Amino acid sequence: MSVKLSTWFVSEGIGGLSCKHSAVRFFLPHRSLPASCKMRQRNFSSQHKKQHLKKASHERTSTNADFQANGDEESETENASIINVPILSQEIIPTDDVDTGIAIEHINAKELSGPTVPDEHKSLAINISGDKQLSGVQQEDLIGMIRYAEKNVLLLNQARVSALEDLEKIITEKETLQGEINALETKLAETDARIKVAAQEKIRLELLEDQLEKLQNELAHRDVTELSEIDMNENHHKLLHNEAYVLDSVSSVSKELNSLRKENISLKNDIEVLKTSLSDVKNTDERVLLLERERSLLESSLKDLESKLSVSQEDVSKISTLKAEYKSLWEKVENLQVLLDKATKQADQAIIVLQQNQELRKKVDKLEESLEEANVYKLSSEKLQQYNELMQQKIKLLDDRLQRSDEEINSCVQLYQESVKEFQDTLNSLKEESKKRAADQYVDDMPLEFWSRLLLIIDGWLLEKKVSTNDANLLREMVWNRDGQIYNAYMACKEKTEREAITTFLRLISSPERPGLHIIHIAAEMAPVAKVGGLGDVVSGLSKSLQKRGHLVEIVLPKYDCMEYDRIRDLRALDVMVESYFAGQLFKNKIWVGTVEGLPVYLIEPHHPENFFWRGQFYGEHDDFKRFSFFSRAALELLLQAGKKPDIIHCHDWQTAFVAPLYWDLYAPKGFNSARICFTCHNFEYQGTAPASELASCGLDVHQLNRPDRMQDNSAHDRVNPVKGGIVFSNIVTTVSPTYAQEVRTAEGGRGLHSTLNSHSKKFIGILNGIDTDAWNPATDIFLKVQYTANDLQGKAENKKAVQRHLQLSSADIKKPLVGCITRLVPQKGVHLIRHAIYRTLELGGQFILLGSSPVPHIQIHGVFNGRKFRNIILQVEKPPPAADLYEELFLNSEDSYNERI
């Protein structure tokens with residue numbers, strides 16, 4: 001790499017300044033070139049100052065020095081980096097005290113390549129190979145570099161001080177010159193005034209001469225005869241007197257004019273000298289500016305040297321650490337070499353032993369063959385002996401049967417008597433069994449909320465360390481099996497203390513068979529307590545369906561401040577804090593338990609200073625990535641500390657997709673490895689991508705996971721994608737329907753994840769979402785005014801009228817259709833289609849009801865129709881409103897660019 005350099009060194013001299021002979025030597029540590037610069041400074045004494053000002057002659061000399069520095073090409077590779085320390089030297093040579101001058105040396109470097117190092121200084125070389133081996137580096141080299149840098153700093157300070165002193169001297173000289181200029185200007189003004197007075201006198205003399213000529217002419221033309229001789233004599237005397245006076249005045253004026261002319265010429269010369277001195281002053285100003293620039297350059301170079309000194313000190317500390325690491329690595333390599341030698345020896349011994357075993361195996365095979373031949377002979381002889389023994393036994397049996405026949409006749413009477421007793425016993429046992437069946441039937445009829453409450457009580461005892469993990473697991477199994485014994489124990493302990501209840505439950509522990517699977521859902525939503533979209537319905541509906549099939553189902557949720565707590569039964573906080581790791585610290589989490597529609601629910605309340613789940617809304621915060629990664633880690637920590645051994649952990653959408661990598665990377669190595677991970681993505685539109693550095697907050701290794709085959713986002717390599725992590729690290733991946741599963745495997749529908757889904761297609765399936773038939777059953781729905789069934793649809797008309805009356809819509813025409821739309825107003829749902837549906841419904845004479853809200857600001861509903869305001873609740877339209885009634889647009893600038901107004 002070659003670089004063109006042009007460096008200018010400027011020095012000036014002013015009268016009265018002298019420069020001592022000095023030689024300054026600079027040592028620059030990094031990417032500097034050895035250079036020499038001669039600076040000549042010419043001074044002139046104060047005695048010759050006026051002569052030089054009047055002569056206005058200034059000589060400037062300049063010398064040029066060309067500098068070339070050639071070196072080897074600088075090479076920077078991944079395995080080695082070389083740092084060279086060259087030397088810059090500068091010499092300042094004084095010149096004659098005759099004249100002012102500026103010495104400028106222009107240094108041109110044609111080509112700059114890797115700088116060379118003098119022989120008296122060692123070069124610091126740090127070579128790092130691909131195998132992370134470090135060459136030996138001596139610390140003395142770095143100490144020498146630091147000393148050279150300190151010398152350079154001192155020298156630069158000295159140069160800076162001398163430059164400041166020269167600058168002050170120049171400023172004083174400038175002030176003296178300015179004073180002299182002011183004095184000359186005053187003299188010049190005085191001479192100008194005198195010249196003006198002389199000009200006025202000259203004008204007065206010219207007037208007198210004109211009067212004299214007029215008098216002479218008058219005297220010549222007068223009649224001599226008319227004048228008397230006396231008058232002529234008098235006039236003659238007057239004329240002579242006037243002529244003498246005029247001649248005297250003219251001679252004096254001419255002398256004064258000559259003197260004034262000489263003074264004027266001298267003043268002009270002084271003015272020219274002043275002009276030259278002014279030009280010199282301007283030149284001195286330029287020199288001052290150059291000196292100031294040179295001073296700023298010296299200050300910047302001083303700062304650079306200080307920064308390089310700090311960098312060199314940091315490099316020294318890094319090299320010391322690298323030395324320690326190198327020693328430790330070398331010791332490890334030696335240990336590994338010893339282990340390798342031992343392993344090779346053991347392998348050789350094992351090979352020898354295997355060869356010996358093979359030989360022994362052959363010998364054993366031969367012995368077995370010989371034994372089989374001997375056994376054949378033995379069997380033939382043994383069979384003959386057995387035949388004789390059998391014949392003898394048959395004879396004995398015939399004798400025994402004759403004796404038994406007599407005994408059986410006597411025993412029949414006794415058996416009859418015993419059978420009567422057994423009949424009475426069986427009758428009594430049947431009565432007892434009927435009683436037990438009645439009790440068991442009552443236990444089976446107990447609601448699911450009872451068993452969920454019982455499970456939460458046992459989990460609370462475990463987290464509060466009042467029972468052991470094994471005992472809690474056995475009690476959970478009994479609750480899972482709906483054992484009547486544990487029901488009876490619970491009913492008997494209602495009026496007892498907690499300690500007595502625990503002892504009663506522990507007496508019931510047994511080892512029943514397990515009827516189903518233990519499934520734990522970790523989600524951000526659950527209907528009806530925390531619902532934003534379809535995710536909440538799926539979590540609650542699927543959990544209830546699995547519970548009905550005999551599986552143990554539990555749900556872990558964040559404890560939002562905006563949850564519907566009145567829908568949670570038996571809500572209570574446990575007397576225990578679960579600590580979880582986040583951002584290099586351990587934070588406490590308060591655990592709440594309760595039941596929601598018969599399902600056991602755990603709520604995690606983080607004691608974090610940022611109040612992750614006390615924001616007044618479920619999603620849409622700037623730190624959602626941090627909030628839900630914290631929750632995922634805390635949920636797994638709760639399961640670990642509670643001693644749970646689930647079969648399936650089911651996580652939903654990107655908010656809890658962190659569970660999959662956290663489980664396999666951090667918790668499975670701790671022994672919490674009984675479960676398999678199921679990940680369901682309900683909408684691939686939302687992937688929760690974030691900068692890769694934020695992934696380290698929850699304890700995951702960014703370098704291991706920010707890879708194309710793991711969590712690295714497919715469109716931005718510096719970001720991670722939680723949904724992609726859920727796909728890669730889960731045992732099975734599902735979505736809401738088989739059709740949607742096919743769509744997201746295409747480039748258009750996959751939102752950047754189609755390649756990942758195709759590479760994991762064997763574990764990716766689509767399962768069609770269903771509905772909760774208990775919650776959405778019009779025959780039992782209490783929110784309907786009139787219930788109806790598929791066989792009796794009369795109630796639908798009554799419900800339609802009730803809705804129209806509630807929303808103040810016209811109900812005169814029974815046949816007028818009423819269209820209802822309940823959805824989240826996001827572009828993916830087709831907001832533009834809903835708008836057109838409203839138009840079409842109104843054109844056909846129908847009525848339209850829209851229920852929904854939007855997290856997208858420019859789609860949010862803000863409108864006034866027919867004088868009534870609606871905001872995020874219900875928008876009802878019966879007829880097209882006039883333009884004057886429309887206060888704001890219903891849909892503003894959606895992504896499909898539909899900007900028309902309703």
Side-chain angles (χ1 to χ4, degrees), residues 527 531-534 536-537 683 685 736-737 739-740 743 769 771 775-778 781 783-790 792-902:
K531 177 183 174 182
V532 176
D537 293 321
N683 192 343
E685 180 79 16
V736 296
S737 71
T739 305
Y740 189 56
E743 290 177 1
N769 274 354
I771 62 170
W776 300 99
N777 187 358
D781 194 346
F783 296 102
L784 295 177
K785 184 176 182 181
V786 180
Q787 285 74 31
Y788 63 92
T789 63
D792 184 10
L793 299 176
Q794 291 183 357
K796 291 190 70 176
E798 294 295 330
N799 292 326
K800 177 182 176 183
K801 290 181 180 178
V803 171
Q804 289 174 333
R805 283 195 298 271
H806 182 71
L807 299 177
Q808 298 181 3
L809 296 174
S810 175
S811 60
D813 188 359
I814 301 174
K815 295 183 179 180
K816 179 180 288 188
L818 176 62
V819 179
C821 180
I822 304 173
T823 182
R824 285 189 307 119
L825 297 173
V826 293
Q828 193 181 18
K829 300 291 185 181
V831 176
H832 61 291
L833 298 176
I834 296 173
R835 190 189 65 173
H836 286 293
I838 294 173
Y839 272 120
R840 188 61 176 162
T841 303
L842 300 179
E843 288 174 359
L844 296 175
Q847 298 171 336
F848 198 97
I849 298 175
L850 175 63
L851 173 62
S853 63
S854 176
V856 183
H858 59 266
I859 302 179
Q860 191 79 355
I861 299 176
H862 298 279
V864 175
F865 288 88
N866 297 330
R868 299 188 63 202
K869 293 184 180 180
F870 301 92
R871 177 184 174 90
N872 300 339
I873 305 171
I874 296 175
L875 174 65
Q876 58 196 26
V877 180
E878 184 176 4
K879 60 181 180 180
D885 293 337
L886 184 59
Y887 179 70
E888 291 181 355
E889 292 180 346
L890 174 62
F891 303 106
L892 304 175
N893 300 326
S894 66
E895 289 187 359
D896 298 279
S897 300
Y898 286 90
N899 299 322
E900 301 176 0
R901 297 186 177 183
I902 296 177

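Keep in mind that this is a model prediction, so the values were computed, not measured.
- In terms of the side chain to side chain contact (heavy atoms under 4.5 Å, CB included) criterion, residue partners of A775 (sequence neighbours excluded) are, by chain and number, D772.
- Looking at heavy atoms from C-beta onward, I838 lies out of side-chain contact with T841 at the 4.5 angstrom threshold.
- Atom CZ of R840 and atom NE2 of H836 lie 12.0 Å apart (nearest 0.5 Å).
- Residues forming a side chain to side chain contact (heavy atoms under 4.5 Å, CB included) with S737 (at least two apart in sequence, or on another chain): T739, Y740, L768.
- The shortest heavy-atom contact between C821 and I834 is SG-CD1, 4.2 Å.
- D537 meets the side-chain hydrogen bond (donor to acceptor under 3.5 Å, both in side chains) test with K531; sequence neighbours excluded.
- Contact record, V831 with L825: CG2-C, 4.1 Å, taken as the closest heavy-atom pair.
- Listed by chain and number, the residues in a salt bridge (charged side-chain N to carboxylate O under 4.0 Å, His left out) with R805 amount to none (sequence neighbours excluded).
- Note that CG of L818 is 13.5 Å distant from NZ of K801, once rounded to the nearest 0.5 Å.
- Remark: I814 CD1 is loosely packed, at most 12 non-hydrogen atoms of other residues, nucleotides or ligands lying under 6.0 Å away.
- Counting non-hydrogen atoms of other residues, nucleotides and ligands closer than 6.0 Å to CD1 of I822 gives a total of 12 or fewer.
- Within the 4.5 Å cutoff, side-chain heavy atoms of K816 are placed close to those of Q847.
- Annotation: side chain to side chain contact (heavy atoms under 4.5 Å, CB included) contacts of P778 (sequence neighbours excluded): L784, Y788.
- Between the side chain of K785 and the main chain of V803, no donor-acceptor pair closer than 3.5 Å is present.
- The two residues Q804 and S811 make their nearest non-hydrogen contact at OE1-CB, 3.0 Å.
- Residues satisfying the side chain to side chain contact (heavy atoms under 4.5 Å, CB included) criterion with V532, sequence neighbours excluded, are E525, F618, Y619, R824.
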